[in-house]
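What follows is a short report on a single structure.
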Amino acid sequence: MTQPVVLSIQVGQPVEYGQPGANDPMDQPWTTSFVKAPVAGPLVLGLTNLDGDAQADLVHHGGPDKAVLCYSAHHYPPWRGELNRLDLAAGDFGENLTILGLTEADVCIGDIWRVGDALTQITQPRQPCWKLARRWRIKDLALQVQQTGRTGWYLRVLTPGTVAAGLPLTLVERPFPEWSVDRANGLMHLDKHNHALAATLASIPPLSASWKTTLTLRAEHGVQPDAPRRLHGLESG
């Protein structure tokens, strides 16, 4: 495997967009920190976020299990063609770290990666929400991301440190090589009736608390995640 690197780093703060009373639901008020700006110099990566980054929705985003969002640079070329958006660039899917040299098939739940002097661990795939769709005014974009498996993944921070664009990522430990992010995505969104496998993934200690809850409910009671609200591109709030 070629040495993966941090191609770019992006941070953002909550900003309100839209106009009250707009007829088009896409233009109605909403608040997000999805629109992030690249940072050239080094940044401190803390236990819950990068310096200068914040989340608008602290119920569904942020926290120790979702301190950093990574997205593969290799996904941008196909998205440019499929969405007819040649202007798409690193950071445009709301990620903090745009990674060159890795995709969801190359990383696993529980992986420990060193970047700079920070130590991070993969906790779960990203579950795209309506804000991605609203940002690009494509109602089903979150669903497209979910169906393609080009979701990205979240990190928790085991050891805070300083990170910067251009730094390599080094794999320190891979305790669960059987659980790629790609496979976890497939189980959550496509193989919803495999309750035994849901229980297996839920038992992995590094998995995020929210995924543990969802998969445990599925395994024990057959409860499925309520995706339509999350995936609806016109949701407001």
Side-chain angles (χ1 to χ4, degrees), residues 1 4 57 59-79 82-83 93-95 97 99 101-113 120-133 138-156 171 173-233 235:
M1 181 175 63
D57 177 2
V59 174
H60 300 102
H61 303 285
D65 284 349
K66 301 178 184 178
V68 183
L69 175 60
C70 298
Y71 201 68
S72 175
H74 302 276
H75 295 333
Y76 279 101
W79 282 128
E82 291 164 20
L83 302 178
F93 272 65
E95 75 270 19
L97 304 183
I99 307 299
L102 295 173
T103 70
E104 290 78 4
D106 303 312
V107 297
C108 300
I109 304 299
D111 274 6
I112 296 176
W113 291 86
T120 67
Q121 184 174 49
I122 295 178
T123 58
Q124 66 164 81
R126 175 204 206 170
Q127 289 183 282
C129 76
W130 61 270
K131 291 188 176 184
L132 173 62
I138 302 172
K139 185 176 178 181
D140 68 342
L141 183 53
L143 181 60
Q144 289 187 54
V145 169
Q146 181 170 291
Q147 289 178 330
T148 61
R150 303 179 205 144
T151 58
W153 57 92
Y154 281 108
L155 304 176
R156 70 166 53 94
L171 182 61
E173 184 179 349
R174 174 163 288 170
F176 300 99
E178 71 276 19
W179 278 111
S180 69
V181 168
D182 190 53
R183 187 186 184 203
N185 263 328
L187 175 64
M188 178 64 83
H189 303 301
L190 302 176
D191 195 12
K192 295 183 178 182
H193 298 288
N194 194 331
H195 296 170
L197 206 56
T200 299
L201 179 54
S203 70
I204 292 178
L207 189 70
S208 70
S210 62
W211 270 53
K212 282 179 180 290
T213 297
T214 298
L215 292 171
T216 298
L217 286 172
R218 180 185 297 181
E220 295 180 354
H221 306 290
V223 176
Q224 304 300 336
D226 184 17
R229 181 180 177 87
R230 171 174 60 81
L231 295 173
H232 197 287
E235 186 68 45

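Smallest separation of non-hydrogen atoms from H189 and K192: O-CE, 3.4 Å. Looking at every heavy atom in both residues, G110 comes nearest to P175 through O-CD, 3.4 Å. Of all non-hydrogen atoms in L215 and A202, the two that sit nearest each other are CB-CB, 3.9 Å. Considering all non-hydrogen atoms of both residues, A142 and C129 come closest at CB-O, 3.4 Å. The shortest heavy-atom contact between L102 and S72 is O-OG, 2.7 Å. Across all their heavy atoms, L187 and R218 have their closest contact at O-NH1, 2.9 Å.
Counting only heavy atoms from C-beta outward, the side chains of P128 and Q146 approach each other to under 4.5 Å.
Within the model, atoms CD of Q124 and OG1 of T214 stand 9.0 Å from one another, a figure rounded to the nearest 0.5 Å. Remark: Q127 CD to S210 OG distance equals 6.5 Å, nearest 0.5 Å. For the atom pair CD1 (I112) and OG1 (T120), the distance works out to 8.5 Å, reported to the nearest 0.5 Å. Atoms CD and CG, from E95 and L97 in turn, are 8.5 Å apart once rounded to the nearest 0.5 Å. For the atom pair CG (L143) and CD1 (I138), the distance works out to 12.5 Å, reported to the nearest 0.5 Å.
Between Y76 and Y71, the ring-plane angle classifies as perpendicular under the 30° and 60° cut-offs.
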* To do: Please assess D65 against W211 for the test side chain to side chain contact (heavy atoms under 4.5 Å, CB included), listing each intermediate value before the final yes or no.
  => CA-CA 10 Å; D65 284 349; W211 270 53; over 6 Å; no
Derivation of the side chain to side chain contact (heavy atoms under 4.5 Å, CB included) call for H75 and F93: CA-CA 10 Å; H75 295 333; F93 272 65; over 6 Å; no
message = Using the rule given for side chain to side chain contact (heavy atoms under 4.5 Å, CB included), can you reason through I109 versus V181, listing the C-alpha separation, both sets of side-chain angles and the distance that settles it, and then say yes or no?
response = CA-CA 6 Å; I109 304 299; V181 168; 4.3 Å; yes
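With T103 as reference, D106 is the one residue of V107, D106, I99 to meet the side chain to side chain contact (heavy atoms under 4.5 Å, CB included) rule. Exactly one of D191, T151, T148 qualifies for a side chain to side chain donor-acceptor pair (under 3.5 Å) with N185. That residue is T151.
Side-chain atoms of W79 and Q144 form no donor-acceptor pair, as typed in the model, at a separation below 3.5 Å.
Judged as a side chain to side chain donor-acceptor pair (under 3.5 Å), and not counting sequence neighbours, the contacts of E82 are R150. Residues passing the side-chain contact (heavy atoms from CB on, under 4.5 Å) test with S180, sequence neighbours excluded: C108, D182, R183.
No donor-acceptor distance shorter than 3.5 angstrom exists from the side chain of T216 to the backbone of T213, with no hydrogens or angles considered. Using a distance-only test at 3.5 Å, with no hydrogens or angles considered, no donor-acceptor pair links the side chain of H195 to the main chain of E220. A donor-acceptor distance shorter than 3.5 angstrom exists from the side chain of E104 to the backbone of G152, with no hydrogens or angles considered. Without hydrogens or angle criteria, K212 side chain to P206 main chain gives no donor-acceptor distance under 3.5 Å.
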